[in-house]
Participant: 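Input: one structure, supplied below.
The structure presented is a predicted model; accordingly, all values stated were derived computationally and were not measured. Lettering follows sequence order; numbering is per chain, from 1.
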Amino acid sequence: MSGLNRFLIEDVEVPLVAVLADLEDAGYRVDVPHFEQLSQVLETELNEVVAQLRDHAGADFNPNSHDQVRTFLFETLKLPPLKETAQRSASTDQETLEALKAAHPAVPLLSRFRALTKLHGTYCKVPTQLDDDGRYHPVFDQLGAETGRISSKGIIQTIPKHDAYGIRRGFIADPGHQIVAADFVQRELCVLAGVSGDPVLQQAILNGVDLHGLAAVKVFSLDCAPQDVKAQRPAERDRVKAIQFGIIYGQSAAGLASTLDLTLDEANQLLDHYFAQFPDVRGFINDVHQRVCRDGFIDDLFGRRRYLPDAQLARSRRKNERMSGSERDLVRRYKAAQRAAQNFVIQGASATITKLAMLRCHRHLCAEHPRIRFLLTLHDELHFEVPDDEVQHFVSELPDLMCRLDLERFGFTLPLTAEVKAGPSWGALRPVAPQG
DNA sequence: GGAACACGCGCC
DNA sequence: AAAGGGCGCGTGTTCC
């Protein structure tokens, strides 16, 4: 168990084994007819789309074959490639199709084909993966991700959220029960605020202010209250949101430019404006980069360690030296390691917070609610199956169970918040009014 | 006949 | 060219 200290081993990972075992045993009830019906609808639509595609591209065209799609788009239709894959061939991904959609009627059909086959081929197979009890039993790997996140075999952590067909409505509660789910609110940003020590972000969290809204007001000198930014200045809020997500992901200025459709200069300017308002965030990121470059590893708030030897590759390089191809590759790996380190200190600490919340919930269920089943963890979200007559009470307890984790002992003093939802299925959850 | 890779894409 | 971290899966393709 490399990368773990005594606390993480003894107080987190080892006791979590029994919790995850209980989740795996419980499983999520599945509405099989829902998936069968959905499957038929998708097959009908797919047949139609494939027929139309073959009208354009030939009777034996297989839109599942990247090679054939590439040949069709860039040789038969002579459309201009937008970008390349890792192997230097012309990419046919969704971004490319989106850019080319007006150029030929087959292009939007390919997009549609991809979306439909994904739903049909991957997510409609859920009924084939059930145990005899008709439930989907996930298999978790608590050390499956380098960041400390819990990974799971299978598809349960990637069930589509915004598909038009309601895949999530196929995951249901037993009769006489409801699904209760709770997710942490803007937790990665709270972790960033906590570990960077930024006083403005911290105060905003203490006041319960929308963090993207607040940052937009600061960065763009907006003349409105943070909570009104969402309605009144959505464009500014979206930009700041992209920056703050980018910081969590370790995104570069080039990446930000791409997501916001800006030039590199504009993206750099935007980042400068942001960091001018939040200098402690910049300081924190610089410190992470420096440490991982010096040590070849980085520790998060709870002492989880990730080794990133690539961060030491380009230590002695000077700028403006000419680079050979292999040197370029070293620099790429060095930068990737820095991004991974920056992401790790946020994602890693967040993952441990989820694990602590799970331990607390599990202990509480064992002691007080033996009829409630703990079903699922989705990184910042927990699912339970709750008897109808216990829903009201449990819903009132859950936020505190998840959020009061005694993190002051690690120097983390900010409050966490969680939003609770309930409903008959995963796809039909409705917010539960906070107690007060 | 199966393993490994390539690509694309679903989630947080 | 790549660009944004962490996962897992399905299909096509190539290689052993």
Side-chain angles (χ1 to χ4, degrees), chain A residues 62-70 81-97 110-111 113-126 128-129 138-163 167-168 183-184 186-188 192 242-264 267 285 288 298 300 306 308 325 328-329 331-333 335-351 354 376-382 426:
Chain A
N62 178 0
N64 254 325
S65 163
H66 302 123
D67 281 347
Q68 292 188 35
V69 171
R70 182 163 43 241
L82 182 69
K83 56 180 180 176
E84 294 186 348
T85 67
Q87 301 304 311
R88 307 276 173 93
S89 53
S91 172
T92 69
D93 68 2
Q94 181 50 38
E95 193 188 340
T96 304
L97 297 182
L110 281 168
S111 288
F113 174 82
R114 290 245 176 93
L116 292 171
T117 47
K118 186 80 175 178
L119 291 176
H120 182 259
T122 304
Y123 297 114
C124 281
K125 285 189 177 159
V126 168
T128 69
Q129 300 166 13
V139 177
F140 293 106
D141 182 351
Q142 72 188 95
L143 299 173
E146 286 298 311
T147 55
R149 271 191 176 181
I150 298 165
S151 70
S152 69
K153 275 259 169 283
I155 59 175
I156 195 70
Q157 286 181 331
T158 66
I159 298 297
K161 190 175 184 141
H162 292 124
D163 70 287
I167 301 260
R168 288 187 171 195
D183 67 294
F184 289 104
Q186 293 192 324
R187 185 185 50 185
E188 274 65 15
L192 176 66
I243 294 177
Q244 301 201 121
F245 267 103
I247 288 168
I248 291 164
Y249 292 150
Q251 192 179 44
S252 67
L256 184 69
S258 162
T259 47
L260 289 180
D261 204 17
L262 302 172
T263 67
L264 190 55
I285 293 170
V288 167
I298 189 81
D300 75 4
R306 183 166 184 192
L308 290 160
R328 231 181 279 279
D329 186 57
V331 171
R332 187 189 59 74
R333 284 166 55 191
K335 287 182 173 172
Q338 284 200 330
R339 293 194 298 268
Q342 183 178 327
N343 172 257
F344 170 73
V345 292
I346 308 293
Q347 197 186 108
S350 297
T354 292
L376 200 57
T377 169
L378 297 161
H379 307 305
D380 69 346
E381 181 177 336
L382 305 178
W426 187 357

Participant: Tell me: CD of E188(A) to P of dG6(C), nearest whole Å?
Facilitator: 14 Å

Participant: How many whole angstroms separate atom CG of N343(A) from atom P of dA3(C)?
Facilitator: 15 Å

Participant: Rounded to whole Å, please give me the gap between CD1 in I167(A) and P in dC9(C).
Facilitator: 16 Å

Participant: Enumerate the protein-to-nucleotides 2-4 of chain B contacts in which both atoms are nitrogen or oxygen and the separation is below 3.5 Å.
Facilitator:
none

Participant: Once each nucleotide of nucleotides 7-12 of chain B is scored for protein heavy atoms under 4.0 Å, what B/S/- sequence comes out, 5' to 3'?
Facilitator: BBBBSB

Participant: If you look at every strand shown and take non-hydrogen atoms under 4.0 Å, does S258(A) touch a base, only sugar-phosphate, or nothing?
Facilitator: base

Participant: Starting at CD1 of I346(A) and ending at P of dG6(C), how long is that distance when rounded to a whole Å?
Facilitator: 14 Å

Participant: Do Y249(A) and I346(A) touch side chain to side chain, with heavy atoms closer than 4.5 Å?
Facilitator: no

Participant: Rounded to the Å, how far apart are R339(A) CZ and dA3(C) C1'?
Facilitator: 8 Å

Participant: Report yes if at least one side-chain N or O of N62(A) is closer than 4.0 Å to OP1 or OP2 of dT11(C); otherwise report no.
Facilitator: no

Participant: Strictly by side-chain hydrogen bond (donor to acceptor under 3.5 Å, both in side chains), give each pair with a member in residues 113-125 of chain A just once, sequence neighbours left out.
Facilitator: S39(A)-H120(A), E43(A)-H120(A), T92(A)-R114(A), Y123(A)-T158(A)

Participant: Any luck finding a side-chain donor-acceptor pair between S65(A) and R70(A) under 3.5 Å?
Facilitator: no

Participant: In terms of side-chain heavy atoms of R306(A), which of dT11(C), dC9(C), dG5(C) is nearest?
Facilitator: dG5(C)

